[in-house]
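Take a look at the structure below.
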Amino acid sequence: MHRFDAASDALARAVVGYALERVRLDPPPLDGTTTLSDLLARAGRTIGSSPKDPLDVLRLFTEVLAPSCVSVAHPLHLSFVPGAPTEAAVLFDLVVSASNIYGGSWLEASGAVYAENEALHWLADLAGLPEGSGGTFVSGGSAGNLSALVAARWRWRRDGGDPRGRPLVLASGGSHSSVLQAAHVLDADVVRTGTDHRGRTDGAAMRTLADSLAPSDRARVMAVVATSGTTNVGVVDDLAGIADTAAALGTWFHVDGAYGAAALCAPSVRHLFAGIERADSLIVDPHKWLFGPYDCCALLYRDPFIARRAHAQHAEYLDVLEQDDLGDEMLNPSDLAYHLSRRARGLPFWFSLAVHGTDAYAEAMEETLGVARAVAHLVRGSAHLELVMEPDLSVVVVRRPGWGASDYAAWSEATLRDGSAFVVPSTWRGETVLRLCIVNPRTTTDAVAGVLASMA
Ligand SMILES: *Cc1c(COP(=O)(O)O)cnc(C)c1O
């Protein structure tokens with residue numbers, strides 16, 4: 001198994017050849033999903049005690065398993081938050097795999113950590129975080145929110161929070177399910193604010209919530225969480241106003257920008273993020289709207305040394321990694337989140353940024369925003385559709401008057417089945433609606449218009 005011989009060489013050519021073929025598909029087929037019984041029938045039991053011809057196993061993947069996965073990068077995959085990695089990022093992901101770098105410590109991966117930090121600094125600069133901020137890349141927004149809140153709780157306790165008490169998180173009304181889940185893991189309570197008619201939370205709503213707390217509950221507040229781009233409708237909270245409440249409470253300010261903070265690089269919407277520079281922690285997922293492959297969330301801290309106090313693991317065999325007196329550059333990624341071993345998963349994003357330059361990111365971001373605005377305009381003028389709200393970012397929410405939940409579901413299934421598009425319904429204030437999330441520069445207004453026309 002651990003020898004590179006003639007058979008490995010043939011396999012290498014086949015695997016790299018397939019990867020190349022896949023990257024060349026422009027666009028990839030949408031593909032789809034299937035049932036367990038279908039896969040059992042067509043793939044069968046794939047692992048046995050004796051060897052199989054690797055080319056046969058590869059073919060099983062390329063012909064049966066891969067087509068049973070929806071292509072996230074298809075230009076008409078508009079469900080959830082899709083992704084659209086650049087060719088450079090995807091290709092470099094192959095290099096990261098071939099190198100199998102242990103990305104947890106400076107000692108073992110100084111070069112990789114240096115490059116990841118370059119990419120993190122670009123994001124920190126866009127957000128306006130001060131010199132000395134820093135962080136690491138984790139698997140996704142859920143892991144990022146949890147790790148940030150662990151750091152928040154550490155500081156809350158350091159500053160006098162009851163070590164046995166149950167902490168409290170004040171979250172904006174549009175906050176993501178993963179914030180609730182992180183609080184659940186931390187055994188913290190969460191209270192959420194009300195929102196305006198678009199699902200946005202402003203400073204007044206957060207202040208009202210804080211003012212409504214009994215003094216004993218005020219003392220429990222370990223973090224205030226704002227959302228910079230709600231996942232369902234893409235609305236950006238009033239970050240500056242919410243930061244004021246966090247400051248008045250003397251508590252940690254976390255901004256969940258997993259989806260939306262990518263648009264920090266787009267001049268046309270940068271003003272929506274005013275106040276993000278006051279965050280104690282911030283997340284953004286390059287695997288969503290920053291053209292990186294899975295799995296990748298940038299987690300940034302104003303003061304990464306607090307995160308280190310909260311997260312660093314201590315063990316005899318790890319002590320060699322902890323050298324407190326060597327300065328900032330020696331911060332180990334493993335100490336900044338809930339993880340230890342880690343893939344250097346920021347490298348594909350870094351490589352693509354270095355290759356294309358950051359201006360190309362701003363342009364690509366503006367392109368997707370432009371398509372979202374054009375689609376909203378189209379819906380506004382449509383005879384058979386209504387725009388549920390003006391988009392802040394790139395989520396367009398659409399109503400088809402006369403349709404109920406089952407009509408949306410049937411239409412959505414049919415469009416996936418015929419391979420034309422993947423658009424699942426969502427709900428807004430209890431009503432079933434169609435939600436189009438546009439993060440792919442290959443998505444054109446005309447193509448989306450075709451999808452919308454099929455709802456007539
Ligand atoms: C997607 C999302 C998350 C969760 O991110 P994952 O990478 O899926 O774990 C958290 N918050 C927001 C606002 C999101 O859009």
Side-chain angles (χ1 to χ4, degrees), residues 70 72-73 77-85 89 123 127 135-150 152 169 171-186 190 192-193 195 198-201 223-239 242 253-264 269 272-273 276 279 281-300 337-339 342-343 345-346 348-349 365 368 372 391-397 424 426 428 435-440:
V70 177
V72 173
H77 182 319
L78 307 173
S79 292
F80 315 115
V81 182
L123 294 170
T136 184
F137 290 96
V138 294
S139 63
S142 305
N145 283 333
L146 174 63
S147 295
L149 290 177
V150 167
V169 175
S172 70
S175 51
H176 187 263
S177 49
S178 59
V179 172
L180 306 187
Q181 187 60 17
H184 179 68
V185 170
L186 287 163
V190 186
R192 292 209 272 185
T193 64
T195 63
R198 299 164 66 235
R200 180 174 188 262
T201 297
V224 167
V225 178
T227 313
S228 70
T230 61
T231 318
N232 200 28
V233 297
V235 160
V236 182
D237 286 343
D238 167 16
L239 302 179
I242 295 172
F253 179 43
H254 175 64
V255 177
D256 178 359
Y259 151 67
L264 280 169
V269 290
L272 296 176
F273 297 90
I276 200 168
S281 54
L282 159 68
I283 64 161
V284 53
D285 281 357
H287 68 213
K288 284 182 169 167
W289 198 9
L290 276 175
F291 319 124
Y294 294 114
D295 47 11
C296 193
C297 165
L299 164 62
L300 285 165
Y338 179 71
H339 58 198
R342 65 178 289 275
R343 174 180 177 80
R345 60 168 63 81
F349 173 54
M365 189 66 45
T368 55
D392 264 2
L393 299 175
S394 72
V395 178
V396 184
V397 186
V424 295
S426 181
W428 171 246
R435 174 182 169 278
L436 312 165
C437 183
I438 297 161
V439 297
N440 190 337

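Counting starts at 1 for both ligands and their atoms, following the listed order.
Among the atoms of T227, none of the N or O lies under 3.5 angstrom from an N or O of ligand 1. In terms of polar-atom proximity, K288 is counted as a contact of ligand 1, with an N or O under 3.5 Å from an N or O of the ligand.
Taking 4.0 Å as the cut-off between side-chain N and carboxylate O, R198 and D392 count as a salt-bridged pair.
Taking 4.0 Å as the cut-off, V81 does not count as a neighbour of ligand 1 on heavy-atom distance. Not a single heavy atom of C297 sits under 4.0 Å from any atom of ligand 1.
Atoms of ligand 1 lying under 4.0 Å from any heavy atom of Y259, numbered from 1 in the order shown and given with element: 15 (O). Near G141, the atoms of ligand 1 lying under 4.0 angstrom from a non-hydrogen atom of the residue are 4 (C), 5 (O), 6 (P), 7 (O), 9 (O). Atoms of ligand 1 found under 4.0 Å from any heavy atom of D256, numbered from 1 in the order shown, are 10 (C), 11 (N), 12 (C), 13 (C). Near H287, meaning under 4.0 Å from any of its heavy atoms, are these atoms of ligand 1: 7 (O). Every atom of ligand 1 is numbered from 1 in the order shown, and the set under 4.0 Å from a heavy atom of T231 is 12 (C), 13 (C), 14 (C), 15 (O). Which parts of ligand 1 touch A258 is read off a 4.0 Å heavy-atom cut-off, strictly below it: atoms 2 (C), 3 (C), 10 (C), 11 (N), 12 (C), 14 (C).
Residues L282 and A127 come closest through the heavy atom pair CD2-CB, 3.7 Å. Minimum heavy-atom separation, S228 to V255: OG-CG1, 3.6 Å. Annotation for G229 and L393: closest pair CA-CD1, 4.0 Å, computed over non-hydrogen atoms.
Counting heavy atoms under 4.0 Å from ligand 1, residue S142 touches it through both backbone and side chain.
Shortest contact from atom 4 (C) of ligand 1 to any protein heavy atom: H176 CE1, 3.4 Å.
Ring geometry for Y259 versus W289: interplanar angle under 30°, hence parallel rather than tilted (30 to 60°).
Counting heavy atoms of neighbouring residues, nucleotides and ligands inside a 6.0 Å radius, atom OH of Y294 exceeds 12 of them.
For the side-chain contact (heavy atoms from CB on, under 4.5 Å) test with S139, the passing option among R342, R345, H287 is R345; the others fail.
Side-chain contact between D256 and S175 is absent, with no heavy-atom pair separated by less than 4.5 Å.
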